[in-house]
Amino acid sequence: MNYDYLKIEKKWQKIWEETKPFAAVTGSDKPKFYPLVEFPYPSGDGLHVGHPRPYTAMDIVARKRRMQGYNVLFPIGFDAFGLPTENYAIKNHMHPRAVTNKNIAGFTSQLKMLGYSFDWDRVVDTTDPSYMRWTQWIFLQMFKHDLAYKTSMPVNWCTSCKIVLANEEVVGGACERCGGEVVKKEKSQWMLGITKYAERLIEDLDTVDYIDRVKAQQINWIGKSTGAEVDFKLSTGDVIRVFTTRPDTLFGATYMVISPEHSLINERIDSIKNVASVRDYQHEAAKKSDFERTELQKEKTGVMLEGIHAINPASGKEIPVFISDYVLATYGTGAIMAVPGHDQRDWEFAKQMNLPIVEVVQGGDIEKEAYSSKDDDAVLVNSGFLNGLKVKEAIPQMIDWLKQNGLGIEKVNYKLRDWVFSRQRYWGEPIPIIHCPSCGYVPMDEADLPLLLPDVESYEPTDTGESPLAQIHEWVNCKCPKCGGDAKRETDTMPNWAGSSWYYLRYMDAHCDTALASKEAIHYWSPVDWYNGGMEHTTLHLLYSRFWHKFLYDIGVVNTVEPYQRRTSHGMILGEGGEKMSKSRGNVINPNDIVDQYGADTLRLYIMFIGDFEKAAPWSDNAVKGCKRFLDKVWRLAHVKLSDEMSEYSERNERALHRTIKKVGEDIESLKFNTAIAALMAMLNEFSENGINRAELKDFLVLLSPFAPHIAEELWEIQGYGNTAAEQSWPSYDESKTLDDMKEMAVQVNGKLRSTVTLPTDSPDDVCVSEALNNPKIKKYAEGMQVVKTIVVKNKLINIILRPNK
RNA sequence: GGGGGCAUAGCCGAAUUGGCACAGGCGCAUGGUUUAGGCCCAUGUGGAGCAAUCCGUGGGAGUUCGAAUCUCCCUGCCCCCACCA
């Protein structure tokens, strides 16, 4: 006698579609609550079974908060610009617009199939001109505030396709499409100055409620380090500036290393005697990623610049200059002073190259490895005026000395790099900048936004590494807004991170055409109260959107310093074997199949019951059945008209009810959906044992409704309680009714469990101890012993410490 | 290499945050119900032992009356690393 989930679920989804019970009201007097899920990228594969995990979780939260009297904004949209859509379009000769529309339609019907209480009137699509307009508008504001600039950056370049590749398209150093060699190539790129916000992005984490691992990851990613920049004079008369976190070890700098891309090499190529080997090395380095280059394990390589040497500003000694790929052009100044005695990478390089290793900090054994400790027993030696100082004292002393002699400055450095904002692709927002031969980079007039993508024949990037837009001459050629002369449009597009950096603001007022959202809506809804998303977005999307928000705050568009008040994160859903789901492994679960076979309510319930929400969990077909059984059991118990009579076990039912109300309510707020469902299952087991009446079922259905809304509404209607379950108030509980009269307490002797005693709840400690000592088993242990100490943990445990009588 | 995290039953996982290890589910076993299968219901289910008991949270040490939980060392696994989103 199982229920017809397909019919019931369709029925309620239709009702929700027509009556819109989940629409948010801007300006309502109720307290507002804004939960947010990361909007999906509408890929051609459709919804993945990983999507419902965060979506169901936040739907449960949203539904519960509505029942608690909140005005809830629970929106959804589509992050629809991106590479896979473009590649699909190229392959199938379709317009990316058509592909996107098809995919969004598919995602929409799948999301509706799962019964989410989204406000469908606020759907956002980042590729829609009315949305793109404001993404471009924000970019223009950044440009006007000197946060957007052009610079030369290395890109992945396939030497055979002659196009720029995304990191993802580079597989094992080769082009994913043709297998050709991929090298780093310098290309002029638009950048956003996120590093100007580095300090605030760290500091303001104190004002938000993010789970610790998100905070830690962002802080480490931004990578603040304090040290100094020091100038080294070269024999060529140039000065190379290096960044170091250990200025105290300057006397131990026995050589210098600059990155293979350093501009000095070209500038002083005439002074270099071994040009051929330097060029070879540069070519080899260009093939490697930063990731490969900084691997500590690998053998260090490098080439000395013959004919050039530097002077150590502290010791005055001549030291050689190398190029090596373990120094990155993009971090610090692209050059380092090498202190092999006290930096492990320098130590390995020095061993490799047979360079002298000098000890300037005592405390380790530099014959075996570099000694990099900053502890108090690390003391400076061989370092002139620093001798005898602890590292912590020597650092400020050296900085003072550098400042006084004009040789360096104190410097805070960040690992965070500015954001490469250009893509040589078609399916993204065009960057609304015009290149004028006489005026330079000129922003488009805001009134002319949005700048739409032109229709093109082919979406392939060109073989010069330009975006396909470059070939549309009627689109590229334009007049300069400033001088009216002939000019050209920027042909690079924005990365898809652009649209996702501010979408939560658009939801607040999704159809506004005078601003990205009205002031009124922004002030009413900000900030997002609870944002749940994947850990993989911590250092990219989440950081980018915090940066954009802070910029919008600075220019007066938004009224809060941070966009998201609370951030939580869910674990991945893995395949049955515990491996990541992927098409190539063939272990992908399609939510449609599960809904067909068991229904949306079962899928929702299972995906929340699968395990700890914050951890990865493997899918199990069998375990899904357990959740279906639970709902079948609910149905059997509740689809017949129940009586109003109290059962003889009503006291037990009442206690189960109050406990479950407490547990489910608390668990939902603390992401423990799995134990909330376990509590509902236990409650149902109690009811089926004791019998259930109409009033008891009513509360049960209200508790169940956020998790399995369709079956809850159907049974609600069958019982004729009036209105809908979703409109009910969240039930409250009475603490005193959750408690037992008697408690079974553990009795330990010397910390080992020996027996139990059952006592009235909250019995005083001395009663507990005397009852324990009266216990026959404990008496046996206590024979010939004296009680040294007793420990009582209220309602839980009595521990008696015994020693032999003397 | 850097960063973040994880390890409890045959499997997924609980454990009031230092207090009776294993709630709930899956699976399995036995019995019942059913024309049969499925469904459903009941009971049992960490290991060893006839038992009293003993052992048990990846491995090792430590702190404590008491450790899955805290500290240190070791091992194994997963995720992210800036142009996938």
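Throughout, protein chains are lettered first and strands after them, A, B, ... in sequence-line order, and every chain is numbered starting at 1.
Taking atom CZ on Phe81(A) and atom P on A85(B), their separation rounds to 12 Å, with Å as the unit. For Lys628(A) and G38(B), the NZ to C1' distance is 12 Å, given to the nearest whole Å. Between the CE atom of Met535(A) and the P atom of C6(B) there is a distance of 10 Å, given to the nearest Å. Atom CD in Glu536(A) sits roughly 17 Å away from atom P in G4(B) (whole-Å rounding). Between the CG atom of Leu165(A) and the P atom of A82(B) there is a distance of 14 Å, given to the nearest Å.
Look at Arg636(A) and you'll find a side-chain N or O under 4.0 angstrom from OP1 or OP2 of C41(B). Put simply, Asn799(A) has no side-chain N or O that comes within less than 4.0 Å of OP1 or OP2 on C20(B). Note on Arg423(A): every side-chain N or O is 4.0 Å or more away from OP1 and OP2 of A82(B). The phosphate of C81(B) (OP1 or OP2) has no side-chain N or O of Asn167(A) nearer than 4.0 angstrom. Between Lys752(A) and G19(B) there is no side-chain N or O to OP1 or OP2 distance below 4.0 Å. Under 4.0 angstrom from either OP1 or OP2 of G27(B) there lies at least one side-chain N or O belonging to Arg629(A). Distances shown here put a side-chain N or O of Asn622(A) below 4.0 Å from the OP1 or OP2 atom of G27(B). For Asn496(A), a side-chain nitrogen or oxygen approaches OP1 or OP2 of A85(B) to under 4.0 Å. Contact annotation: Lys672(A) reaches the phosphate of A15(B) (side-chain N/O to OP1 or OP2, under 4.0 Å). An OP1 or OP2 oxygen of A82(B) is reached within less than 4.0 angstrom by no side-chain nitrogen or oxygen of Arg417(A).
Aromatic rings of Phe613(A) and Phe673(A) (six-membered ring for Trp) have centroids within the 6.0 Å cut-off, being under it.
For the pair Arg567(A) and Tyr531(A), the distance from NZ or CZ to the six-membered ring centre is under 6.0 Å and the angle to the ring normal is within 45 degrees.
In this structure, Leu83(A) reaches the sugar-phosphate backbone alone: every heavy-atom distance under 4.0 Å involves primed, P, OP1 or OP2 atoms, never a base. Within 4.0 Å (heavy atoms only), Ile791(A) reaches at least one base atom of the nucleic acid.
Base-pair partner of G62(B): C70(B) (Watson-Crick or G-U wobble, both distances under 3.5 Å). Base pairing annotation: C83(B) forms no Watson-Crick or G-U wobble pair, as no partner gives both donor-acceptor distances under 3.5 Å.
Both Asp418(A) and Ala678(A) lie near RNA chain B, and the one whose nearest nucleotide falls closer to the 5' end is Ala678(A). Residue Ser755(A) is the one, among Lys789(A) and Ser755(A), whose nearest nucleotide of RNA chain B lies closer to the 5' end (criterion: closest heavy atom).
One distance of note links CD of Gln748(A) with CD1 of Ile791(A); it measures 8.5 Å at 0.5 Å rounding.
Between the side chains of Ser259(A) and Tyr331(A), no donor-acceptor pair of N or O atoms lies under 3.5 Å.
Distance from the side chain of Asn674(A) is smallest to A14(B) among A14(B), G24(B), C80(B).
Within 3.5 Å, no donor on the side chain of Gln748(A) pairs with an acceptor on the base of C20(B), nor the reverse.
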